[in-house]
Amino acid sequence: MKKRIYSGTQPTGIITIGNYLGAIKNWLLLQKDNDCIFSIVDLHALTIKQNPEEFKDKSLSFLAQYIACGLSPEKSILYVQSHVLEHTALCWLLNCMTYIGECNRMTQFKDKSKKHEDNINMGLMDYPVLMAADILLYKTDLVPIGIDQKQHLELARNLAERFNARYGDTFTVPDGFIPTVGAKIKSLQNPESKMSKSDSNENASVGILDTPDMILKKFKRAVTDSENKVCYDENRPGISNLINIYCGFTGCSREDVEKQFSDGGYGKFKLAVADAVISVLEPIQKEYAKIMNDKKYLLNVIKEGDEKARNIASKTLREVYDKMGIV
Ligand code: ATP
Ligand code: LTN
């Protein structure tokens with residue numbers, strides 16, 4: 001039986017190899033045999049200040065990145081969150097049954113509040129409720145995400161159960177789909193913390209559109225310890241992160257990597273990681289350049305995706321209004 005799959009990324013910066021291994025690789029896998037919807041969640045991105053001139057072009061660039069990675073507008077619905085107004089409508093209804101304590105204890109809210117002290121806005125706290133609305137509108141079975149989003153998914157599950165208990169069976173309770181390797185790729189400069197698209201240190205993350213030279217340079221500079229032994233160990237986060245990246249891009253197991261690189265130091269291994277990443281990203285970059293030249297095609301994909309998404313979302317919202325007694 002086909003399952004309904006839903007996921008999205010925020011159109012900020014460029015998709016990183018963290019996003020790729022944590023989420024998009026699984027989107028590609030699930031796309032083969034399921035009913036998939038992938039969104040560009042621009043409303044979520046606005047919880048952080050964005051420059052309108054730059055933001056304007058982000059959604060098209062993200063759509064091109066999705067397609068270049070292998071997501072297909074023929075197989076899946078690819079669309080922009082803000083174009084389907086049902087998301088914000090359902091978000092409001094869910095807000096009225098979400099407790100403040102459920103949102104202000106979220107790890108991401110706390111982290112982002114610390115990072116953007118001058119802009120701790122309501123949207124930042126409400127972020128997981130909007131994400132729940134995204135997921136529940138499409139009666140989603142499975143949500144492929146990195147581990148950082150697990151807590152938010154838990155809220156979506158709770159809200160679905162709460163709504164169903166109060167108003168009768170309406171929403172599907174979604175499950176997460178989190179990879180075993182690559183669920184949390186770490187920053188190359190600070191391997192204690194997550195690699196993030198919006199990191200201001202450009203050596204910390206590798207974008208899928210980085211040139212081979214940049215990729216090589218970033219891996220050569222990646223922070224490791226002084227043991228110089230290619231061996232997976234939670235207490236040595238730098239080298240363990242590089243091993244995870246290598247495994248994610250080659251399909252090798254950690255044991256294979258340790259065996260294969262047992263006689264070389266970090267220098268040789270870093271070059272191998274860069275090579276593995278470059279060889280997967282090169283064809284994606286070629287495809288991206290081609291698609292970005294065809295704006296008409298991209299706009300058409302969005303228009304069709306928006307319509308298909310709106311069709312599903314509007315039915316669910318009508319059902320929700322009905323159950324809640326909204327005339
Ligand atoms: P931002 O820096 O703008 O907050 P981000 O890099 O954290 O962005 P998101 O758009 O929030 O990326 O996430 C898109 C998807 O990628 C989500 O499923 C998320 O769990 C996953 N993801 C994000 N960062 C990582 C990472 N470092 N490792 C694995 N998966 C990740
Ligand atoms: N919060 C997610 C992006 C996101 C999402 C979703 C993911 C918004 N809505 C619905 C899966 C399902 C993030 O990656 N930061």
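First listed ligand is number 1; within each ligand, the first listed atom is number 1.
A salt bridge links K290 with E287; the closest basic N to acidic carboxylate O contact falls under 4.0 Å. Electrostatic pairing of D33 and K3 does not count as a salt bridge here, judged by no charged N lying under 4.0 Å from a carboxylate O.
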Pairs under 3.5 Å, N/O atoms on ligand 1 and on the protein: can you put them in a table with the distances?
from	atom 1	to	atom 2	distance (Å)
ligand 1	2 (O)	S196	OG	2.5
ligand 1	2 (O)	K197	N	3.3
ligand 1	2 (O)	S198	N	3.0
ligand 1	2 (O)	S198	OG	2.6
ligand 1	3 (O)	T12	OG1	2.7
ligand 1	4 (O)	K112	NZ	2.9
ligand 1	6 (O)	N19	ND2	3.3
ligand 1	6 (O)	K197	N	2.9
ligand 1	7 (O)	K194	NZ	2.4
ligand 1	8 (O)	K197	NZ	3.1
ligand 1	10 (O)	Q10	N	3.0
ligand 1	10 (O)	K197	NZ	2.7
ligand 1	11 (O)	Q10	NE2	3.0
ligand 1	12 (O)	N19	ND2	3.1
ligand 1	12 (O)	K197	NZ	3.3
ligand 1	16 (O)	N19	ND2	3.1
ligand 1	18 (O)	G146	N	3.3
ligand 1	20 (O)	G146	N	2.8
ligand 1	20 (O)	D148	OD1	2.5
ligand 1	24 (N)	K194	NZ	2.9
ligand 1	27 (N)	I185	O	2.8
ligand 1	27 (N)	M195	O	2.9
ligand 1	28 (N)	I185	N	2.8
ligand 1	30 (N)	G18	O	3.2

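Protein residues having at least one heavy atom under 4.0 Å from any atom of ligand 2 are Y6, S7, G8, Q10, V41, H44, Y127, M131, D134, I135, V143, I145, Q149, listed by chain and number.
Side-chain atoms of Q81 and D134 include a donor-acceptor pair closer than 3.5 Å.
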Show the atom names and distances, to 0.1 Å, of all donor-acceptor pairs under 3.5 Å that link a side chain in residues 219-233 to residues at least two apart or in another chain.
from	atom 1	to	atom 2	distance (Å)
D225	OD1	E227	N	2.8
D225	OD1	Y266	OH	2.9
D225	OD2	R236	NE	3.3
D225	OD2	Y266	OH	3.3
N228	OD1	Y266	N	2.7
Y232	OH	R254	NH2	3.3
D233	OD1	N235	N	2.8

Can I get a per-line list of side-chain donor-acceptor pairs under 3.5 Å for residues 5-14, giving both atom names and the distance, sequence neighbours left out?
from	atom 1	to	atom 2	distance (Å)
Y6	OH	S39	OG	3.0
Y6	OH	Y79	OH	2.6
S7	OG	W27	NE1	3.4
S7	OG	P144	O	2.8
T9	OG1	Y66	OH	2.8
Q10	NE2	Y127	OH	3.2
T12	OG1	K197	NZ	3.1

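Rounding to the nearest 0.5 Å places CG of N241 at 10.5 Å from CD of E192.
Contact of the T170 side chain with the E319 side chain is registered, since non-hydrogen atoms from C-beta on lie closer than 4.5 Å.
Taking the six-membered ring wherever Trp is involved, the centroid distance between the rings of H152 and F109 does not fall below 6.0 Å.
Hydrophobic clustering, with ILVMFWY side chains joined whenever heavy atoms are under 4.5 angstrom apart, groups L281 together with I291.
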